[in-house]
Amino acid sequence: MVEREHAMEALMLVDDPAFERIMECVFGIQSHETRTFLRLYELQGSTVSELAADLERDRSTVNRSLSTLCEKELVTRERRLLEGGGYVYQYFAVPVADVHELMHEAVDEWAETVHERIDEFQP
């Protein structure tokens, strides 16, 4: 929580923050994870290999990004059986409406804390 508060403080210094920066701040993710989420949103059901090729990133980097995004509940994965045996995971970005809701809740929670500190201040 402390990290997110510092990120929120830094974000307040920006007059017109981009959605991506707000998302990184609220969820405590890095820019490459935000890029992965946004690209996956357009390519729902992608595998790590497909997404890595599209993003021109190493598979291991994309895999780590997807793991983080899953932990933050921004991405889900489903196992797909392959015809020749075995399986592969397909990844899906959660609906933007859900992301908006999570972001609004986090910002509202932070703003409430700020309001409490303002009200508590007695010189």
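Everything numeric in this text was worked out from a predicted model, so none of it was measured.
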*Does anything in residues 31-53 pair up under ring pair (Phe, Tyr, Trp, His ring centres under 6.0 Å), and if so which pairs, sequence neighbours excluded?*
none

_ring pair (Phe, Tyr, Trp, His ring centres under 6.0 Å): pairs with one or both residues in residues 61-98, sequence neighbours excluded_ = Tyr87-Tyr89

*asked:* Could you list the cluster mates of Leu82? Members are the ILVMFWY residues connected by side-chain heavy atoms closer than 4.5 Å, either directly or through other members.
replied: Val88

_Keeping Ser65 on the side-chain end and Thr61 on the backbone end, is there a donor-acceptor pair under 3.5 Å?_
yes

*For Glu120, check salt bridge (Lys or Arg N to Asp or Glu O under 4.0 Å) against everything at least two apart and list the hits.*
Arg117

*Which residues share a side-chain contact (heavy atoms from CB on, under 4.5 Å) with Ile118, sequence neighbours left out*: Val114

_Once salt bridge (Lys or Arg N to Asp or Glu O under 4.0 Å) is applied, what residue pairs with a partner in residues 83-101 remain, sequence neighbours excluded?_
none

*Not counting sequence neighbours, which residues clear side-chain hydrogen bond (donor to acceptor under 3.5 Å, both in side chains) with Ser49? List them please.*
Arg59

*Using a 4.5 Å cut-off on heavy atoms from C-beta on, say whether the side chain of Glu24 contacts that of Arg21.*
yes

*Hey, could you give me each pair passing salt bridge (Lys or Arg N to Asp or Glu O under 4.0 Å) that has a residue in residues 72-81? Not counting sequence neighbours.*
none

*side-chain contact (heavy atoms from CB on, under 4.5 Å) partners of Asp119, counting only residues at least two apart*: none

_Suppose the criterion is salt bridge (Lys or Arg N to Asp or Glu O under 4.0 Å): which pairs have a residue in residues 31-52, not counting sequence neighbours?_
Arg39-Glu42, Arg39-Asp54

